[in-house]
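Since we're looking at a predicted model, the values are computed, not measured. Quick note on labels: first sequence line is chain A, next is B, and so on, each numbered from 1.
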There are 2 protein chains.
Amino acid sequence: MVADPLSRVFSALADPTRRDIVARLAVGDATVNELAAPYDVTVQAVSKHLKVLEDAGLVSRSREAQRRPVHLEANVFDLMTRWIERYRQQAEERYRRLDDVLRAMPDDVAPHPPTDAAPTPIPQEGTPS
Amino acid sequence: MVADPLSRVFSALADPTRRDIVARLAVGDATVNELAAPYDVTVQAVSKHLKVLEDAGLVSRSREAQRRPVHLEANVFDLMTRWIERYRQQAEERYRRLDDVLRAMPDDVAPHPPTDAAPTPIPQEGTPS
DNA sequence: GCCATAGTCAACCGTTCGGTTGAAGAAGCG
DNA sequence: CGCTTCTTCAACCGAACGGTTGACTATGGC
């Protein structure tokens, strides 16, 4: 896959099995076989899932004899958290302001959902700010 | 699609165009045509993207004459945030504890990555707590 | 060297995804 | 009513996804 980092992280976590793997790795490192055990899919399938998680930077694998312990990389979560928080706060801020406007407005002028939309400057995510 | 809510939200945001739409909606509501303008894909394609975002609960659409203003639903972001924070903190806590153990250990006993993995009780995400 | 164990690579298969074109709904305007 | 505008539905297409089976690589123990 050649997608941007954020897309890789989000789509890696879009699969319930992969989220479950992440959840279990939060408790402690594990080998591929250990990770595969609970699911009724082949080890190869789990190996693929781990590759997806690794490409997203969510896990890393070392070597230890024949085993390849899988390790959760917590820091990549920040990438998501930052993205999410930015737009959540922005949206909530907008509601707060809208509330103020409506409250300050004489009742007989208050309109229905005021469609404040406009050809916005298109905040591009590549240049966040 | 019949996936679980969390999967829907994550995979909705796994697409850069859809994330950009969310980013622009954080500034203010907009119609399908307005949203479609900046991209060089057809309006139908954007309409599909909006359907995905709507199914994930990230946006809602009202009606206003022929227009269907699209509105960002900020509260659904919390679902993600909660999931992310749980495992991020869990993982960080684990590192902290591991650090303590290593610090408290006489140097000549300190092992390599201790592979503390085990057939963990599998914390299932359906029953988070 | 030989064999068992742990994991990955490669090819294939059905389904989903993001996109297209073309037609159809829904609502305002002359 | 007929026409234009905004939006969605339907069918299709190629690429990617999640899974399988089978062969291969890598390491350790005897």
Side-chain angles (χ1 to χ4, degrees), chain A residues 1-4 6-22 25 29-56 58-71 112-113 115 117-119, chain B residues 1-4 6-22 25 29-56 58-71 112-113 115 117-119:
Chain A
M1 212 211 288
V2 285
D4 60 294
L6 211 39
S7 294
R8 279 202 295 268
V9 177
F10 275 121
S11 82
L13 294 177
D15 183 281
T17 303
R18 285 195 291 260
R19 280 201 307 281
D20 193 60
I21 289 176
V22 167
L25 286 174
D29 295 2
T31 68
V32 178
N33 265 297
E34 285 163 355
L35 288 171
Y39 317 117
D40 65 344
V41 298
T42 60
V43 181
Q44 290 95 318
V46 173
S47 185
K48 277 193 186 180
H49 280 309
L50 289 171
K51 179 137 184 36
V52 174
L53 290 171
E54 188 175 29
D55 288 348
L58 284 161
V59 308
S60 61
R61 284 126 126 192
S62 47
R63 179 167 282 285
E64 184 177 314
Q66 316 100 309
R67 271 148 263 108
R68 312 279 323 262
V70 183
H71 177 80
H112 317 275
T115 315
Chain B
M1 212 211 287
V2 286
D4 60 293
L6 211 39
S7 294
R8 279 201 295 268
V9 177
F10 275 121
S11 83
L13 294 177
D15 183 280
T17 303
R18 285 195 291 260
R19 279 200 308 281
D20 193 60
I21 289 175
V22 167
L25 285 174
D29 295 4
T31 68
V32 179
N33 264 302
E34 285 164 355
L35 288 172
Y39 316 116
D40 64 345
V41 298
T42 60
V43 182
Q44 290 97 317
V46 173
S47 186
K48 276 193 185 180
H49 280 309
L50 289 171
K51 178 138 184 36
V52 174
L53 290 170
E54 186 175 30
D55 288 349
L58 284 161
V59 308
S60 61
R61 283 125 125 192
S62 47
R63 179 165 282 283
E64 185 177 310
Q66 316 102 306
R67 268 149 266 107
R68 311 280 321 263
V70 183
H71 177 81
H112 317 274
T115 313

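Computed from coordinates, the A:Glu64 CD to D:dA26 P distance equals 19 Å when rounded to whole Å. Following rounding to the nearest Å, A:Asp29 (CG) and C:dG7 (P) show an atom-to-atom distance of 13 Å. Between A:Leu53 atom CG and D:dC17 atom P there is a gap of 13 Å when expressed in whole angstrom units. Residue B:Lys51 contributes atom NZ, which lies 15 Å from atom C1' of C:dG18 at whole-angstrom precision. Atoms OH (B:Tyr39) and P (C:dT20) sit 14 Å apart, rounded to a whole Å. Here the P atom of nucleotide D:dT8 and the CG atom of B:Leu50 are 7 Å apart, to the nearest Å. When rounded to the nearest whole Å, the span between NZ of A:Lys48 and P of D:dT20 equals 9 Å. One interatomic measurement links the two molecules: CG of A:Asp40 to P of D:dG18, which rounds to 16 Å at whole-angstrom precision.
Shown here for A:Asp4 and A:Ser7, the closest heavy-atom pair between the two residues is OD1-OG, 2.6 Å. When all heavy atoms are compared, the tightest approach of B:Pro38 to B:Glu34 is CD-O, 3.5 Å.
Counting only heavy atoms from C-beta on, A:Ala45 has its side chain closest to D:dG19 among D:dG19, C:dG19, D:dT7. Closest contact between the side chain of B:Ala65 and the listed nucleotides C:dG7, C:dT20, C:dA27 involves C:dA27. Residue A:Arg67 has its side chain nearest to C:dA6 when only C:dA6, D:dC9, D:dG19 are considered.
A side-chain contact (heavy atoms from CB on, under 4.5 Å) with B:Arg61 is found for one member of B:Val70, B:Asp29, B:Thr31 and no other, namely B:Val70. With B:Leu53 as reference, B:Val22 is the one residue of B:Val9, B:Asp15, B:Val22 to meet the side-chain contact (heavy atoms from CB on, under 4.5 Å) rule.
Taking side-chain N and O atoms only, B:Asn33 has no distance below 4.0 Å to OP1 or OP2 of D:dT5. Residue B:Arg68 places none of its side-chain N or O atoms closer than 4.0 Å to OP1 or OP2 of D:dC6. Phosphate contact (OP1/OP2 of D:dC6, side-chain N/O of B:Thr31, threshold under 4.0 Å): absent. Dashed line: the shortest gap from a side-chain N or O of A:Ser47 to OP1 or OP2 of C:dG7 is not under 4.0 Å. Of the side-chain N and O atoms in A:Arg63, none sit less than 4.0 angstrom from OP1 or OP2 of C:dA6. Of the side-chain N and O atoms in B:His49, none sit less than 4.0 angstrom from OP1 or OP2 of C:dC17.
Between A:Asp15 and B:Val32, the residue anchored closer to the 5' end of DNA chain D is B:Val32, taking for each the nucleotide with the nearest heavy atom.
Counting heavy atoms from C-beta outward, A:Leu58 and A:Leu13 have side chains that approach closer than 4.5 Å.
Evaluation of atom-type donor-acceptor distances gives no pair under 3.5 Å for the side chain of A:Gln66 against the base of D:dG29. Scanning atom types as modelled, one donor and one acceptor separated by under 3.5 angstrom connect the side chain of A:Gln44 and the base of D:dG22.
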